[in-house]
Number of protein chains: 2
Amino acid sequence: MVKRTSFEGDACPIARSLDALGDWWSLLIIREALFGRRRFGEFQSKLGMAKNILAARLRSLVDHGILATAPASDGSAYQEYVLTPKGRGTFPILVALRQWSEEFDDHPEEIATILVDREKGRPIKKLEMHAEDGRLLTPADTTLKPRPAPRRRSA
Amino acid sequence: MVKRTSFEGDACPIARSLDALGDWWSLLIIREALFGRRRFGEFQSKLGMAKNILAARLRSLVDHGILATAPASDGSAYQEYVLTPKGRGTFPILVALRQWSEEFDDHPEEIATILVDREKGRPIKKLEMHAEDGRLLTPADTTLKPRPAPRRRSA
DNA sequence: GGCATATGGTTTTATAATGCAACCACACAA
DNA sequence: TTGTGTGGTTGCATTATAAAACCATATGCC
């Protein structure tokens, strides 16, 4: 590799996101964290991954402000990894990945779980894109614009 | 590695999605494809990636049914890579990644573009989750249920 | 306290993936 | 027919990943 390319300085927000969570394990670790896992051993046993790379990923996620280490919680002197608001903010990404799989996977019968509305127990609707005024948008209804330059100092 | 772990047989739909597009480049290639790029050289120059890994990724995306090779299009005898419906279905994933970056990035001023409603030119709203009956849902309003067993043969 | 064991990692060593550069085949142009 | 652009493939060198071994500290139990 000579060094796996980093997207950190890229101007594209998608690339910037992938820089933080675009590897094989990060999003799955976050998924487990959203399920309430907090301990090193929980992640390791649920995900079945090597401990060294779990350690590396946890460090990276902490560095990116997605997880934070909490000193205790249940009495024991061990450490815990908890989601920050930034970490919890990945929820729509996971939902989008899930729905893509549900819609397009070649073997959907192998998917074990469905995401439901807790109150009614019914599957949730597909994620929708809306305009500021509420109109439902398709991809074709959108376009990219250059970001307006920030004012140098607040006037 | 001994072999990078594949999530292909995993029961979790998120893992299954990541198996197809969870590496460093695939989603960026799809992003370019959504912008209308079709040719090998276009992807290579826009993404600035090594040609051998671009070739490998394109092959993988074609194998996963995300891209398809089209024989021509503009007269020349070369090949093109076009998105399938499955490929275009990744749009919400990219939007979710973009919005996460816009909301939580440490240096949002470095983000060059904003996604706008084509008609009004105004930024689109955040992706929303809704129940079947239309109620707006937060992550806490949702839960996972085991998928109902498929009926063995249609009765 | 003292011993066993669980927890939470780090180190070692192998193999696979990545990246750069060089090379090659074919299409197309002059 | 010679040249050039497009679309790749083929070497390496380097890095990331993974499995297993190892280790330090905590905790449980007597």
Side-chain angles (χ1 to χ4, degrees), chain A residues 1-10 15 18-29 32-33 36-64 67-82, chain B residues 1-10 15 18-29 32-33 36-64 67-82:
Chain A
M1 277 195 202
V2 129
K3 185 58 181 267
R4 184 201 266 174
T5 63
S6 160
F7 303 128
E8 199 179 347
D10 201 293
L18 292 176
D19 194 64
L21 28 88
D23 64 84
W24 285 98
W25 291 108
S26 293
L27 281 168
L28 294 177
I29 292 171
E32 292 302 321
R37 324 261 183 237
R38 302 163 149 252
R39 299 287 282 259
F40 187 95
E42 285 183 300
F43 291 112
Q44 205 267 320
S45 65
K46 290 291 174 185
L47 291 171
M49 64 192 293
K51 302 203 290 180
N52 54 349
I53 87 130
L54 174 58
R57 287 290 164 273
L58 289 173
R59 238 189 319 264
S60 164
L61 289 170
V62 169
D63 286 349
H64 278 99
L67 293 176
T69 54
S73 126
D74 66 332
S76 88
Y78 290 112
Q79 191 175 225
E80 293 189 342
Y81 298 89
V82 296
Chain B
M1 277 196 200
V2 129
K3 185 60 184 262
R4 190 210 273 212
T5 62
S6 160
F7 304 128
E8 197 179 349
D10 200 294
L18 291 176
D19 195 64
L21 29 88
D23 64 84
W24 285 97
W25 292 108
S26 293
L27 282 168
L28 294 178
I29 292 171
E32 292 302 321
R37 324 261 184 236
R38 302 162 150 253
R39 299 287 283 262
F40 188 95
E42 285 183 302
F43 291 113
Q44 205 266 321
S45 65
K46 289 291 173 186
L47 291 171
M49 64 191 295
K51 301 202 292 180
N52 54 347
I53 89 131
L54 173 58
R57 286 293 163 272
L58 289 172
R59 238 189 319 266
S60 165
L61 289 169
V62 169
D63 286 348
H64 278 97
L67 292 176
T69 54
S73 126
D74 66 332
S76 87
Y78 291 112
Q79 190 174 227
E80 293 190 341
Y81 299 90
V82 296

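Here is the naming used below: chain letters follow the sequence lines, and residue numbers restart at 1 for every chain. What you see below is based on every heavy atom in this structure, not just the backbone, and it leaves out hydrogens, waters and symmetry mates.
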In whole angstroms, how far is the C1' atom of D:dG8 from the CZ atom of B:R39? 13 Å

Is A:W25 close enough to D:dA18 that one of its side-chain N or O atoms is under 4.0 Å from OP1 or OP2 there? yes

How long is the line joining CH2 of B:W24 and C1' of D:dT15, in whole Å? 13 Å

Do any side-chain atoms of residues 40-56 of chain A form donor-acceptor pairs under 3.5 angstrom with protein atoms, and if so which ones, sequence neighbours left out?
unit_1: A:E42; atom_1: OE1; unit_2: A:R38; atom_2: N; d: 2.8
unit_1: A:E42; atom_1: OE1; unit_2: A:R39; atom_2: N; d: 3.0
unit_1: A:Q44; atom_1: NE2; unit_2: A:M49; atom_2: O; d: 2.8
unit_1: A:S45; atom_1: OG; unit_2: A:G41; atom_2: O; d: 3.1
unit_1: A:S45; atom_1: OG; unit_2: A:E42; atom_2: O; d: 3.3

Taken to the nearest 0.5 Å, the spacing of B:L61 CG from B:L27 CG works out to 9.0 Å

Whole-Å gap separating P (D:dT6) and CD (B:Q44): 11 Å

Looking at C:dG9, does its base get a donor-acceptor pair with the side chain of A:Y78 below 3.5 Å? no

Please identify each residue that fulfils ring pair (Phe, Tyr, Trp, His ring centres under 6.0 Å) with A:Y81, with sequence neighbours left out. none

Can you tell me if the side-chain N/O atoms of B:T5 get under 4.0 Å from OP1 or OP2 in D:dA18? yes

Nearest-angstrom distance from the residue atom CZ of A:R38 to P of C:dG8: 13 Å

Mind running a 4.0 Å heavy-atom check of residues 46-62 of chain A against DNA chain C and sending the residues that fall below it, in number order? A:K51, A:N52, A:A55, A:R59

Got a sec, which residues hit side-chain contact (heavy atoms from CB on, under 4.5 Å) with B:D23, two or more places apart in sequence or on another chain? B:W25, B:S26, B:R57

Rounded distance (Å) that lies between atom P of D:dT6 and atom CD of B:E80: 14 Å

Just to verify, what does B:D19 make a side-chain contact (heavy atoms from CB on, under 4.5 Å) with, not counting sequence neighbours? A:W24, B:S6, B:F7, B:E8, B:H64

Let me confirm one number: the CG-CG distance from B:L18 to B:D10, rounded to the nearest 0.5 Å. 9.5 Å

Just the rounded figure in Å: distance from P of C:dT10 to CD of A:Q79. 10 Å

Which is true for A:F43 with a 4.0 Å heavy-atom rule: it touches a base, it touches only sugar-phosphate, or it touches nothing? nothing

Please report, rounded to the nearest Å, how far the C1' atom of D:dT17 is from the CG atom of B:D23. 14 Å

